[in-house]
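Notes follow the structure.
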Amino acid sequence: IKSMSVKIQNKSNENNCFINVIIHLVYHMDSLRNYLLKKNSELKKIPILKEFISLIETVCRDAYLIALSTRQYKSHL
């Protein structure tokens, strides 16, 4: 099984660790994550929030795909 974590790539000298922590913090705060995803059309008018919401959507999608593949794997044991 692949690792259960979803991470932003952190190539040499990109220093994405801080951004990665913030994205995952928001992802695990259900009310804030849901607000950002529901209000995304309004908030995406602000360039920095557009990128931030895009990252949240990516993490949510990837987490869902990992959970789905893990369930499928476990059902075949």
Side-chain angles (χ1 to χ4, degrees):
I1 297 178
K2 289 184 178 181
S3 171
M4 290 295 290
S5 62
V6 179
K7 297 179 182 175
I8 299 170
Q9 287 187 357
N10 193 25
K11 296 177 184 170
S12 182
N13 296 321
E14 283 188 347
N15 300 317
N16 289 330
C17 295
F18 177 74
I19 295 169
N20 201 4
V21 168
I22 298 301
I23 296 296
H24 283 82
L25 177 66
V26 170
Y27 173 76
H28 289 287
M29 295 174 67
D30 294 342
S31 59
L32 181 55
R33 180 188 69 229
N34 292 335
Y35 175 79
L36 289 172
L37 294 175
K38 285 179 186 174
K39 298 287 186 180
N40 68 9
S41 61
E42 297 168 35
L43 297 173
K44 282 186 173 180
K45 294 174 185 172
I46 303 166
I48 189 88
L49 287 178
K50 179 180 179 180
E51 293 300 319
F52 186 73
I53 291 168
S54 177
L55 288 170
I56 296 291
E57 290 169 337
T58 299
V59 170
C60 289
R61 183 197 67 231
D62 291 352
Y64 171 77
L65 293 174
I66 288 171
L68 184 62
S69 66
T70 301
R71 276 189 230 119
Q72 289 173 346
Y73 174 80
K74 287 180 179 180
S75 71
H76 285 52
L77 291 180

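Put simply, CG on Leu32 and CG on Leu37 are 9.5 Å apart, with the number rounded to the nearest 0.5 Å. Considering CG of Asn34 and SG of Cys60, their distance stands at 8.0 Å, rounded to 0.5 Å. With rounding to the nearest 0.5 Å, the separation of CE in Met29 from CG in Leu36 is 10.0 Å. Distance check, rounded to the nearest 0.5 Å: CZ of Arg33 to NZ of Lys38 gives 10.5 Å.
Shown here for Lys44 and Lys50, the closest heavy-atom pair between the two residues is O-CB, 3.5 Å.
Under a cut-off of 6.0 angstrom, the local environment of CD1 in Ile48 is sparse, with at most 12 non-hydrogen atoms contributed by other residues, nucleotides or ligands.
Contact annotation: the side chain of Leu55 never approaches that of Glu51 to less than 4.5 Å [non-hydrogen atoms, C-beta and beyond]. The shortest distance between side-chain heavy atoms of Phe52 and Ile46 does not fall below 4.5 Å.
Looking at Ser69, its side chain does come within 3.5 Å of a backbone N or O of Leu65 through a donor-acceptor pair.
The cluster map of Ile, Leu, Val, Met, Phe, Trp and Tyr, joined by side-chain heavy atoms under 4.5 Å apart, puts Leu43 and Leu25 in the same cluster. Residues Val26 and Tyr35 are members of one and the same hydrophobic cluster, defined by side-chain heavy-atom contacts under 4.5 angstrom among Ile, Leu, Val, Met, Phe, Trp and Tyr.
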